[in-house]
Each structure stands twice: as C-alpha cells, then as structure tokens.
Amino acid sequence: MNTQYEILHAEQPTPIKAWIRGVPMDPMAADQLRNLTSLPFVGPWVAVMPDVHVGIGATVGSVVPTRGAIIPAAVGVDIGCGMAAVRTSLTAKDLPDSLARLRSEIERAVPVGNGRGGDHGKLPDSVETHVARSGLFERLEAIKEKHRGIRIDKMARQLGTLGGGNHFIEVCLDEAEHVWVMLHSGSRGTGNLIGTYFIQKAREELSRRVLGYHVPDRDLAFFIEGEPLFEDYVEAVSWAQEYARLNREAMMERVLMVMRKQLPKFKLGAMAVNCHHNYVQRETHFGKSLFVTRKGAVSAREGELGIIPGSMGAQSFIVRGLGNADSFHSCSHGAGRVMSRTQARKSITLKQHREATAHVECRKDEAVIDESPAAYKPIDRVMAAQTDLVEVVHTLRQVVCVKG
C-alpha cells in the first residue's frame with residue numbers, strides 16, 4: 001500500500017502523520033498538534049485526517065493514542081457523536097416531485113435544536129423496549145451517585161432528538177438511485193454535561209499535579225490510569241457513547257416511520273452503518289494496549305464500513321476501511337471546516353447559500369449559513385487525500401436535509 005501521509009514537526013519526539021495532500025490546513029491546527037505531541041504519554045505518533053481543523057484542546061480530525069492516560073477535552077463534549085445510515089428498497093422514482101412535505105414531517109417527528117425545543121414526548125415502542133433492556137437509566141443513576149455535579153434530567157427528554165450545530169438528517173440517493181436515510185448526532189445534553197464536568201475535573205487535577213514536563217494548554221489536562229477519576233471517566237464516557245448510538249437508532253426509527261406514512265411500501269436493505277467519530281476506547285496497535293481517542297475520525301479497520309459526509313450541498317460516502325496501521329485504522333469523519341461559524345456568517349451571502357443548495361430540499365434562511373457548503377473543505381479533495389485509508393462503496397447525494 002502506498003502511503004499518502006506527510007510528516008509534520010519532524011523535530012518533535014512524537015511525530016505527526018498527516019493525510020493532508022491537496023487539502024488546506026490551518027497553521028493554528030498545526031500549532032495545536034505540536035502542543036498535543038509534547039505530552040510524554042501521547043504516541044507512538046498522532047494521525048491527522050484530511051478534514052483537520054482547530055478544536056478545543058486537540059484538533060478535530062485527529063487520532064490520538066495515549067499510554068496510561070486520557071485527555072477528556074480531546075474526546076470533547078459531544079461524546080459519541082457519529083453517523084448512521086441505512087439503504088431502503090425505494091428508488092428515486094418512488095419519491096414525490098416535491099419533497100417539502102417529507103422534510104416538514106421529519107422535522108415534526110424528530111425534535112431539532114437545543115433547549116426545550118429539542119426535547120420530545122413519547123418514544124417509539126421499539127425504542128422504549130430497547131432502552132429498558134439496556135440498563136442505561138440505572139447506569140446513569142450510578143454515575144450520578146458518585147458525581148453529584150452531573151445532571152441526568154436531560155436523558156429521557158432528549159433520546160431520539162437531533163440537537164443543533166452541524167447535526168442533520170438527510171434523505172439521499174446513491175449512484176444506482178436507491179434511497180438512503182443518513183443522520184448525524186451524538187449524546188445530546190447529557191453527554192455534553194458529562195464531558196464538561198470531567199474536563200473541569202481534569203483541569204483541577206492538573207493544577208495539583210507535580211510533573212517533570214510542561215503542559216502547554218490547560219485543555220490538555222488528563223487523568224492517569226489507576227486514579228479513581230480515570231476509572232469514573234471511562235465509565236461515564238462509555239455510557240455516553242452507548243447512549244449516542246441508541247440516540248441515532250431512535251432517530252432513525254422516527255424518520256423511517258414518517259417515510260412509511262409518506263412513501264410507497266419499502267423494506268430496509270442489508271447495508272446499514274452506525275459509527276462514532278468522537279470517542280475513546282482501548283485498542284491494541286503494534287502489540288501495545290493504547291487508549292485511542294478519535295476526535296473527528298472514524299474507525300476504518302479492514303472491511304469495516306463507515307460514513308464520510310460532505311456538507312449540506314455536497315455528496316457523501318459510504319466507505320470500507322482498508323486497515324491502514326499508520327492511521328491506527330482510521331479515516332476522516334467529514335469534509336472539515338475552513339471557516340469558523342462567525343466567519344461563515346460574515347462571508348457567505350444568502351444568495352450564495354441558496355445557489356449551493358438549490359438541488360436540496362432544505363432550509364435556505366440566514367440561520368443555517370454557517371453550515372453552507374462554502375464553510376467546508378471540498379469533499380472530493382478530502383477523499384482523494386485518503387485513498388490508502390478507505391475505499392468508496394457508495395456515493396450519496398442529498399435530496400432532503402434537515403438541520404439541527
């Protein structure tokens with residue numbers, strides 16, 4: 001396999017392998033990566049995906065292996081955020097000429113946004129049963145018993161809801177005109193509360209630590225394996241990741257219920273994917289047990305299916321991992337931002353946004369300009385930079401997009 005990565009900051013003890021050929025990279029992201037690799041427990045190297053951009057503590061679009069420690073801010077507060085997609089037996093000819101009603105009914109069925117407007121009423125019976133069997137409520141209560149500062153009241157109200165920001169639900173067509181449903185969300189308010197709580201705890205621990213090295217950013221504060229807070233964080237983050245996966249399943253069920261009412265009868269295809277792209281777990285690489293944090297990256301082991309979405313006006317991809325060991329078996333999680341949300345609102349006009357999304361039934365108002373295609377890197381360049389990480393199985397184009 002021909003490698004496509006470049007070595008950044010070769011003078012550093014811990015190298016950075018970056019799949020960024022032909023893709024712009026913000027110098028501030030490079031500085032952030034330099035800070036990250038200065039920590040002695042990070043490595044053997046950090047893998048950088050082509051959608052890399054500045055994040056909090058660690059760059060988005062990075063794969064961070066650590067030995068005996070975890071950096072909560074590298075995982076972030078949208079714990080377990082990821083993608084789900086399923087192929088249906090419907091084809092383009094089964095869709096109505098106007099998709100406005102379908103979008104409207106999806107928005108009605110799946111609460112969107114943050115705050116009370118993003119909460120919901122009753123879940124589908126199948127999801128209620130799944131939740132009851134999962135033990136998620138009881139496990140969260142146990143976490144709360146140890147950490148009174150974590151609120152748990154949002155869990156029941158937000159399961160099966162989309163959230164805000166770059167989260168979305170889409171109806172797509174693949175290269176053979178088959179209809180897919182694809183969505184993007186995570187652990188919602190409860191995951192955010194867990195992440196925020198433990199990031200603060202890690203900062204407090206850092207202020208008390210006596211280290212023989214400098215930590216250049218307090219968002220690189222960490223827990224050390226064997227400490228009670230380390231074990232508690234692993235328990236809580238694992239809970240949030242499982243909740244995020246179940247949240248996507250619940251949303252998918254709601255969208256499919258709408259489609260069954262609006263469209264001709266259909267069956268679900270054999271191909272379905274549900275993958276995280278903001279998470280941490282223990283993995284073995286090069287014979288060593290590591291904690292691998294994928295902050296805006298997807299697991300891409302050989303034969304493993306994943307999803308790489310473009311922006312709300314660009315194509316997306318169902319991919320199959322090639323098991324590239326240099327990337328710790330990972331690939332990008334999307335296109336990656338080239339503009340901050342503030343910059344996008346100042347730079348992109350409403351006319352430009354409407355032209356870029358003319359082929360999609362979606363919102364065309366100023367409130368979503370920060371998610372317009374121009375705010376993101378060109379997805380074709382992102383895909384070209386990682387052909388040694390994944391192969392494309394299906395190419396999807398949106399016909400309906402519901403934004404958070």
Side-chain angles (χ1 to χ4, degrees), residues 1-76 199 202-203 205-206 209-225 277-298 300 324-333 336-338 377 382 385-386 388-389:
M1 180 184 295
N2 294 325
T3 57
Q4 292 184 228
Y5 62 80
E6 300 176 5
I7 300 292
L8 305 180
H9 306 316
E11 74 284 358
Q12 294 280 109
T14 302
I16 299 165
K17 298 183 179 182
W19 280 258
I20 56 172
R21 290 180 183 171
V23 184
M25 180 176 175
D26 186 341
M28 291 178 62
D31 292 341
Q32 202 167 47
L33 288 163
R34 183 187 288 110
N35 287 341
L36 178 67
T37 55
S38 71
L39 300 179
F41 54 81
V42 172
W45 56 81
V46 169
V48 173
M49 301 296 101
D51 56 342
V52 63
H53 58 280
V54 172
I56 297 174
T59 51
V60 179
S62 59
V63 184
V64 185
T66 50
R67 302 175 298 273
I70 293 178
I71 305 168
V75 181
I199 288 170
R203 289 170 178 165
E205 290 299 299
L206 180 63
R209 295 190 191 282
V210 178
L211 301 170
Y213 54 88
H214 174 59
V215 178
D217 184 342
R218 70 177 191 147
D219 283 323
L220 293 176
F222 51 88
F223 297 128
I224 297 174
E225 191 171 9
H277 56 223
N278 280 351
Y279 68 110
V280 61
Q281 65 183 15
R282 189 188 289 274
E283 298 179 5
T284 299
H285 294 273
F286 305 100
K288 295 183 178 179
S289 178
L290 302 168
F291 290 97
V292 176
T293 298
R294 292 186 177 88
K295 185 183 183 74
V298 179
N324 189 316
D326 286 313
S327 72
F328 303 102
H329 304 151
S330 308
C331 67
S332 83
H333 83 309
R337 299 192 72 92
V338 288
K377 298 178 183 181
V382 169
Q386 56 183 330
D388 60 337
L389 303 184

> With respect to Val280, which candidate in Val75, Ile71, Val64 satisfies the side chain to side chain contact (heavy atoms under 4.5 Å, CB included) definition?
Replying inline: Val75

So, the side chain of [X] versus the backbone of [Y]: is there a donor-acceptor pair under 3.5 Å, distance only?
X: Arg209; Y: Ala221; result: no
X: Arg67; Y: Pro40; result: yes
X: Thr293; Y: Ala74; result: no
X: Gln32; Y: Gly55; result: yes
X: Asn35; Y: Pro216; result: no
X: Thr66; Y: Ala69; result: yes
X: Asp388; Y: Gln4; result: yes
X: Lys377; Y: Val52; result: yes

Considering all heavy atoms, the nearest [X]-[Y] contact:
X: Ser62; Y: Leu33; answer: CB-CD2, 4.4 Å
X: Thr14; Y: Gly43; answer: CG2-CA, 4.0 Å
X: Pro50; Y: Ala385; answer: CB-CB, 3.8 Å
X: Pro15; Y: Thr37; answer: O-CG2, 4.4 Å
X: Cys331; Y: Leu389; answer: CA-CD1, 4.1 Å
X: Asn278; Y: Gly296; answer: OD1-N, 2.9 Å

In Å and rounded to the nearest 0.5 Å, what is the [atom1] to [atom2] distance from [X] to [Y]?
X: Ile7; Y: Ile16; atom1: CD1; atom2: CD1; value: 9.0 Å
X: His285; Y: Asp326; atom1: NE2; atom2: CG; value: 12.0 Å
X: Asp219; Y: Leu36; atom1: CG; atom2: CG; value: 12.0 Å
X: Ile56; Y: Leu220; atom1: CD1; atom2: CG; value: 12.0 Å

> Does any non-hydrogen side-chain atom of Val46 lie less than 4.5 Å from one of Val63?
Replying inline: no

>> Is the shortest side-chain heavy-atom distance between Phe291 and Gln281 below 4.5 Å?
In response: no

> Relative to the ring of Phe41, is the ring of Tyr213 parallel (under 30°), tilted (30 to 60°) or perpendicular (over 60°)?
Replying inline: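 The rings of Tyr213 and Phe41 stand perpendicular, inter-plane angle above 60°.
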
> Between Asp51 and Arg337, does a salt bridge (Lys or Arg N to Asp or Glu O under 4.0 Å) hold up when you go through it step by step?
Replying inline: CA-CA 7 Å; Asp51 56 342; Arg337 299 192 72 92; over 6 Å; no

>> Run the side chain to side chain donor-acceptor pair (under 3.5 Å) test on Ser332 and Gln386 for me, step by step, so that the C-alpha distance in whole Å, both residues' side-chain angles and the decisive distance to 0.1 Å come before the verdict.
In response: CA-CA 8 Å; Ser332 83; Gln386 56 183 330; 2.9 Å; yes

>> Quick test of your reading of the model: are Arg282 and Glu225 salt-bridged, counting only N-O distances below 4.0 Å?
In response: yes

For [X], side chain to side chain contact (heavy atoms under 4.5 Å, CB included) partners two or more places apart:
X: Glu6; answer: Ile20, Arg21
X: Val60; answer: His53, Lys295, His333
X: Asp31; answer: Arg34

>> Looking at Leu206, I'd like to know if its CG atom is crowded, meaning that more than 12 non-hydrogen atoms belonging to other residues, nucleotides or ligands lie closer than 6.0 Å.
In response: yes

>> Trp19 vs Phe328, test: ring-ring contact (aromatic ring centres under 6.0 Å, His included). Steps then yes/no.
In response: CA-CA 13 Å; Trp19 280 258; Phe328 303 102; 9.1 Å; no

>> Show, in sequence, the C-alpha distance, side-chain angles and deciding distance for Glu283 and Arg294, and conclude whether the salt bridge (Lys or Arg N to Asp or Glu O under 4.0 Å) test is met.
In response: CA-CA 12 Å; Glu283 298 179 5; Arg294 292 186 177 88; 2.7 Å; yes

